[in-house]
Amino acid sequence: MSDAVMPLKLTEKPAHKTTGQFEIRDYLRLDLFPHFLCPGCGHGIALRALLWAIHDLDIEKDQLAVVSGIGCSGRLSAYIDANTFHTTHGRPIAFATGLKLARPDLHVIVITGDGDCLAIGGNHLIHAARRNLDITCIMLNNEVYGMTGGQVSPTTSLDRFTTTTPMGNQEPGFDACALAKGAGATFVGREVTLQTTALKNLMQEGIAHQGFSFVEVISDCTEVYGRKNDLGSSPEMVLSQKRSILPKFDGTAVDKPFRAGDWETGVLSREDRPEYYAAYRAHCHRVLGK
Amino acid sequence: MSEIPQRQSLQGNQACALGAIAAGCRLFAGYPITPSSEIAERMSKELPAVDGVFIQMEDEIASMAACLGGSMGGVKSMTATSGPGFSLKQENIGYGIQAEVPCVVINVMRGGPSTGMPTRPAQGDVMQARWGTHGDHPIIVLTPASVQEIYQQTIQAFNFSETYRIPVVVLYDEAIGHLIDTVDLPHAKDIETTERKWASGPASDYLPYQADEDGIPPMPLPGDGYRTHTTGLTHLENGFPTQVPADVTRVTSRLLDKIENHRDAIEQYELISCEDAEILLVAFGITARSSERAINIAREKGIKVGLLRPVTLWPFPEKVFKQLAERAKHVLVAEMNAGQLILEIERLCPSGTMVSGINKFDGESIQPDEILSRIEECGHE
Amino acid sequence: MNATVTGPTNVLIVGVGGQGVIMVSKILARLSQQQGLQVKQSEVHGMAKRGGSVFSHIRFGEEVWSPTIPMGEADVVLGLEWAEGLRWLRYLKPDSGTFISDTKRIVPPFSCRDRQHDAKHGYAHHTVADIVAQVPNTFAPDATGMAIELGNERVANTILLGVLSTVMDFPVKDWLKVLPEFVPAKTLETNLKAFKAGRAWTKKPHEPDLRQTTVQAQAGPLMRRQVSLEITEEWCKSCDICVKMCPERCLALDQRQIVKLVKPQACTGCRVCEWLCPDFAIAVHVEAVPAENISVVTATEVRV
Amino acid sequence: MSEVIEPRVSSNAPESLNIITQTGQGARPMTGNEAIARGVWEAGCRVAAAYPGTPSTEILENLAKYPSQDLHAQWSTNEKIALDVAYGASYGGVRAFCAMKHVGLNVAADALLTQAYIGVNGGMVLAVCDDPGIHSSQNEQDTRLFGKLANVPVLEPSDAQEALDYTRWAYELSEQFDTPIIVRSTTRIAHTRSPVVVGERQEFESQGFVERPENIALPTTARRRHPVVIERESLMETYFSESAKTQWIKGDTSVGIITAGMSYSYVREVLQGFSILKLPASFPLARDSVREFCDSVERVIVVEELEPFLETEIAAMGYKVEGKVFFPRAGELSPELVHEGFAKAGLLESRKIKSMLNFDELVRPPVLCSGCPHTGGYMALRALDARVAGDIGCYTLAAMQPLQAMDTCVSMGSSIGTAVGLAKAGNETRPIVATIGDSTFLHGGIPGLIDAVYNQANITVLLLNNSTTAMTGGQDHPGTGRTLRGDETHQVNYAEVCRAVGVKSLKEVDSYDLGVLYQAIREATEYKGVSVVIANRPCVLDPVKIKGPAFQIRAEGCTACQSCMNLGCPALSWSDEMLDGHHKIKIDETSCIGCTLCVQICPSDCIRPALELNPS
């Protein structure tokens, strides 16, 4: 095995870059377009934000590895002109773990969905968060299993209808960010697709972060979930994302208080903790006297 | 000229780990399970010294995934488990086969089904190793019968895996896994290791699943500028999914042919006293060791019995077996299960050949006299 | 027979809704009434609290007929806001009028309406120095700033009232007597301080503050930015997000339900459509073009 | 007719304004509206009703300050109801009052024109405030013409003192001549403060309801009454000619100026020495006085605001009269315009104002307040590209930049009918939405809604419920659950009203919830038939000034897309910082009330609570 295959020193990541023309086409596999997502699917907006962040971080496409799981979110990796891996249901973080350990020089980004990440893949999420390996996990939360036709997911809101909750969902959902933070993720953030630039900035920070970063994207499934729950047209669903994230504060309106936010957005937590691979390698060297 | 090998007293599982290191394995992702845990333990000690990475994952699924992930990154990777964990790994073994990702999976067999008998040997995973994951697929399964052979076959497994871009299973039972024996460890330069066929040439012309004449496509290394897509979906030569029947037939056939067409190079076996055997005994792993003893005694008694010990359990060494079976009146299959390999034997035997099994699944290995008595029964017919 | 114009004292108090124009007017009206003069005070409100311009005419003298001050006849124009003060300068007696105005700027959203690249503010561009050059009797304190220092931004009008008191003939004690009738008891002390601060301000020498009030000038655009929208028809899935989210309502779906730039002159190249298109069907290109090469500022559409 | 030679002498200042009913102690400063209210109270009026309308609103608000045992004062649902209520009281034998703006009289006209035939039991006075210059109206119609049409006398005070005096006088005239009387005010009188000497309240013993045939308007009674009305007109012409309030200011007889109301003040302001005839009533014309005056001067010039009403009447008497040839027919008069008119007439030197003090004028149109709940609805309609039939209220401002989300606006309550017509025209491709405020809905919207349902019109009605009559300064109405005097009363439930008239598609939403609002309106427009969306949020000014925690813009996050500027929120303006040729935005924290509308629109998440950005 040659050294070239497995560089062992941690590569420095470039600092933030705020300017520069971003042409998304430079980052796409154009012959696959138009993409397969439904009209108005928020995943497309999230994908733009991700590629924009990558552009602004000046990451070489050759040095970028995108690992995805199964579901609508899983399909996104195919559209990115990079080293892309469309893996098995729930496992992208585990795949990414192996990949990152083998190739710490690569920027490894996981694209996953709410079902992929929190249900079948929940175990991998929490352990990856705990280890703090330098992976960025982007979870697109549209509250539903869109690819399989709209079944209930671990983030489906209460009373919402899905094909497997014909009488309305009665299971409480996960707060994915709280879960990730609780499990030890050293960078946790959440943003909605409507706030594309903020989403891009959050992703940019997440990718630049040394350690396991978790970014929840509030996306929308207009064709399956939206239709089933009467959530309106695509623009309405995008707009209504805002309703759930408005800043919390006490109102003084006469008849009723101003709306309180359901979710917080932006960088929710950040922690300085040794990155897994670097720490592992350094420790081994220390013990072995290298 | 080869140097004098280093001789060590080793447990089977330890030999496996050393074999892996010798083969160039630099990433091990595992999850503890009896009776395979010593492999992980030894790997965790060996890998840092060679700048490799050991990681104990959260479960066997993740172990398998991480193992594939490491390999996709260009590093020889391995995982080790036993039956229950092997079941969990099947999902991603399928991915490895479909996406053609080399890697090595060690399965140290124990009693089953389910939790079964963790500390007792068995050979019940023959069919799971072949058909454990869904769909039509090829597989390579190696089954060493001694501690020395564990060492060698682990290296062989990596070589096959790298050559044919396929997960390779090394299947042995608890008895050998925990057996301590003297092993000759060759000097590094005397160990033949195979490197993956990497993609080269202009990226614009490159199709990640466009096979060479040997049926095996060169693999892209991330960072080399090929920027390909890897998927578990049935995919075209360009790596992107297809559902067009003709395309699916073509690409899936190639996957199958990739192994089928290289049987001669892959199939390995050992023949003992088969030249004139009228009774052909087929056995592998620890059972082969009992069988050898039984044959020796039977031969002393004048019974014309021989042993075929498949080393590649899958693909099964068909050609040689058929030749032997032509001559044999009786074929005996000894295995520590209720009859698995025998199914393949029955399929391969010419009609009229008597096939019977020597089966045991009580957590004890099959003793030579048990085999001997069955040989004698056949000999007296 | 010659008719002559009679001359009561005319004070025009102007500002923006909510600044306290009416309170200042009432104080002055009361004061002059107490001096035994006839007073008329006319105001237009109604729209005032909707952020509009508020003005109040105060006329007092031996005989007052019209409630409004003829143009060019105001003895004092008192502005509670800079641009409002300037707006009513036309009413000031050209030779002898006194102009008193806070330098506070309340920029209306309307003056920020130009959406084109390199657009300029519509807010008044004259500085205190510009005005002093034309109206020697100008008092332009930063009353709001002084009021904030006193702890209550709302007493800026009382500071200006203090300035006003120095140019009127009424005795100071009368001013101080009227003030409590119109200000809330709890702010009386601050208001009295503010009144005195206003008076004191006029005693100090003041250089016209050249930094005040001028919106930071932008360098003249030698280059204009040309916007073009690249629409990939084949990729558009008619989701309507761009159409509904475009701040300028430039976009629409055509008969084939494909996005189209329908109001090119309104497009500012803000990129919101590009950002929110889940299908990457819109790309906004902004290119710098020499200004002389552009006759009409309009975006173009490229369909691919 | 009296002769006045000396100018009036100012009165002494009052010491206290505290006790509104107090009399004596000299003159006190009052607006015209306060003075009319005082006159109504002093006249012993027992019932007063009005619908708010600038510039008349404060009359009833001031009346409500007088003791409730003295008089009942109420907001009515519209001007016609107000007039009916007042007239009912008059039927009942007590003095009654009704106030409205000029266009309000259009609504009440149906009742008024017949009341003129019926006559009065208790004295009946209407104060109608015109709005020359259209400060806050949809036209500048001249109420004097209405007086003539209705055969109802029109008194024209020229300042606050006269506003009080004429109002009291009007009651005497009303009872003496058995007719309702209009006191016509204008914006300048209504909102000008000048000293007023007040009087005491008269109390009357009511004679109760008087049964007379003309109480019931039937063809037979009307036919009998019309000649009586005509005769009354000529009786009053004589009366006014003999009245001391018709003033002849003796002067140079080369020119005689005939004027009334506010115009009189302007004339006195700019012109001295000539003969002036000041008429207290524009209708019926004091013909004898006019004749005598005209005969005494060489040249007759009429100075009047708006229509050439007096000019036409006097010309019809056979005199050569000049007026509108010098003075504009449109817009409000001013000392400048009157001066220029006299200059044209050759009486004065034209006054050229030195224009050195001319500066760029800043455009500062009235805008919807920071946090105005109407903004959200129009943002949604704007995005929906709806054809919007607007109505009268603050929200009419949404027709202007930047919202520009209103296509029509006619008169109170017109929106729904207009929308029905647009729909029935059958050629509109955009969704048709009528927008109407809560007060306007109650005023004149409900019949329109019934019409829409009855005729199965395919329209959407957006009821902008801010729980007040905001445009006129926050008056109560039947939807607020409070009366003019602040007492609790039944509160109209709009949803029930809509359902009761047959609306099947109905949704109530929060005006600040942009996403939901948009969706509700969009779905409503897709409904076939009449759909109603009720958007609820209280006005941010009235009855309580709302101020929540302010927001601020994180400049580094602002992409200068200017999406938020479409709200037209006065708290938002450009900052000096620029990005890609566009100004970034800043928020004036003192005016931001924290409604979150801009936060909901911002695609960059750069608008955050000020407290979060500056915790100190």
Side-chain angles (χ1 to χ4, degrees), chain A residues 1-6 8 29 31-32 60-65 67-68 70 74-75 77-106 108 123-124 126-128 130-131 133 276-277 280-281 283-285 287-288 290, chain B residues 23-29 47-59 61-77 79 91-92 94-95 98-99 101 103 193 195-196 198 203 220-233 235 238-241:
Chain A
M1 195 182 68
S2 71
D3 282 340
V5 177
M6 191 166 166
L8 300 174
R29 288 175 174 145
D31 44 351
L32 299 183
E60 288 285 331
K61 291 188 282 185
D62 281 339
Q63 290 302 114
L64 173 66
V67 185
S68 63
I70 296 296
R75 293 296 189 95
S77 59
Y79 298 108
I80 305 172
D81 183 16
N83 305 289
T84 56
F85 304 95
H86 175 218
T87 68
T88 48
H89 198 190
R91 321 299 172 207
I93 297 175
F95 272 88
T97 300
L99 180 60
K100 182 69 184 181
L101 289 172
R103 295 293 301 277
D105 60 318
L106 296 178
V108 179
N123 198 27
H124 310 309
I126 58 174
H127 286 279
R130 170 178 64 81
R131 282 184 201 109
L133 181 63
Y276 178 85
Y277 180 82
Y280 173 81
R281 186 57 69 214
H283 182 73
C284 290
H285 283 183
V287 171
L288 296 169
K290 278 196 175 182
Chain B
C25 173
R26 289 298 177 269
L27 190 145
F28 182 94
L47 277 168
V50 291
D51 285 346
V53 181
F54 169 87
I55 186 165
Q56 182 172 314
M57 296 297 285
E58 51 273 16
D59 58 28
I61 301 170
S63 309
M64 189 65 221
C67 181
L68 292 171
S71 178
M72 294 190 298
V75 171
K76 289 181 183 176
S77 308
T79 184
E91 176 196 41
N92 285 330
Y95 183 88
Q98 177 71 276
V101 185
C103 68
T193 60
E195 295 306 319
R196 209 172 294 179
W198 294 113
L221 182 66
D224 275 3
Y226 294 100
R227 298 200 298 276
T228 57
H229 185 58
T230 307
T231 178
L233 289 164
H235 46 267
N238 63 12
F240 296 102

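So that the names make sense, note that chain A is the first sequence line, chain B the second, and so on, each numbered from 1.
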Based on non-hydrogen pairs under 4.5 Å, which of [options] is most in contact with chain B?
| options | answer |
| --- | --- |
| A:Ala128, A:Ala82, A:Gly74, A:Cys284 | A:Ala82 |
| A:Arg130, A:Lys61, A:His89, A:Glu60 | A:Lys61 |
| A:Asn123, A:Ile80, A:Leu288 | A:Asn123 |

Go through [options] and name the one with the most non-hydrogen pairs under 4.5 angstrom from chain A.
| options | result |
| --- | --- |
| B:Gly232, B:Cys67, B:Ala49 | B:Ala49 |
| B:Gly94, B:Gly70, B:Ala29 | B:Gly70 |
| B:Thr193, B:Leu27, B:Thr228 | B:Thr228 |

When rounded to the nearest 0.5 angstrom, what distance separates [atom1] in [X] from [atom2] in [Y]?
| X | Y | atom1 | atom2 | result |
| --- | --- | --- | --- | --- |
| B:Thr231 | A:Ile70 | OG1 | CD1 | 6.5 Å |
| A:Leu64 | B:Arg227 | CG | CZ | 10.0 Å |
| A:Thr87 | B:Glu91 | OG1 | CD | 8.5 Å |
| A:Asn83 | B:Thr230 | CG | OG1 | 8.5 Å |
| B:Ile55 | A:Leu133 | CD1 | CG | 6.5 Å |
| B:Met57 | A:His124 | CE | NE2 | 7.5 Å |

Is there a side-chain contact between [X] and [Y] in this structure, where contact means two heavy atoms from C-beta onward sitting under 4.5 Å apart?
| X | Y | result |
| --- | --- | --- |
| B:Asp51 | A:Arg281 | yes |
| B:Gln98 | A:Thr88 | no |
| B:Val53 | A:Lys100 | no |

Region of [X] that comes under 4.5 Å of a non-hydrogen atom in chain B:
| X | result |
| --- | --- |
| A:Tyr280 | side chain |
| A:Ser77 | both |
| A:Leu32 | side chain |
| A:Ala78 | both |

Minimum heavy-atom separation for B:Phe54 and A:Tyr276, please, with both atom names.
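Looking at all heavy atoms of both residues, the closest pair is O-OH, 4.0 Å.
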For a quick test of reading the model, state the closest non-hydrogen atom pair linking B:Gly225 to A:Asp62 and the distance between them.
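For B:Gly225 and A:Asp62, the tightest heavy-atom pair comes out as CA-OD1, 3.1 Å.
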Who are the side chain to side chain donor-acceptor pair (under 3.5 Å) partners of A:Thr84, not counting sequence neighbours?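 For A:Thr84 the side chain to side chain donor-acceptor pair (under 3.5 Å) partners, ignoring immediate neighbours, are A:Arg29, B:His229.
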Sequence-distant partners of A:Arg131, side chain to side chain donor-acceptor pair (under 3.5 Å), two or more places apart:
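Result, side chain to side chain donor-acceptor pair (under 3.5 Å) vs A:Arg131: B:Glu58.
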A:Arg103 (side chain) donor-acceptor with B:Pro222 (main chain) under 3.5 angstrom: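 Confirmed, A:Arg103 side chain pairs with B:Pro222 backbone.
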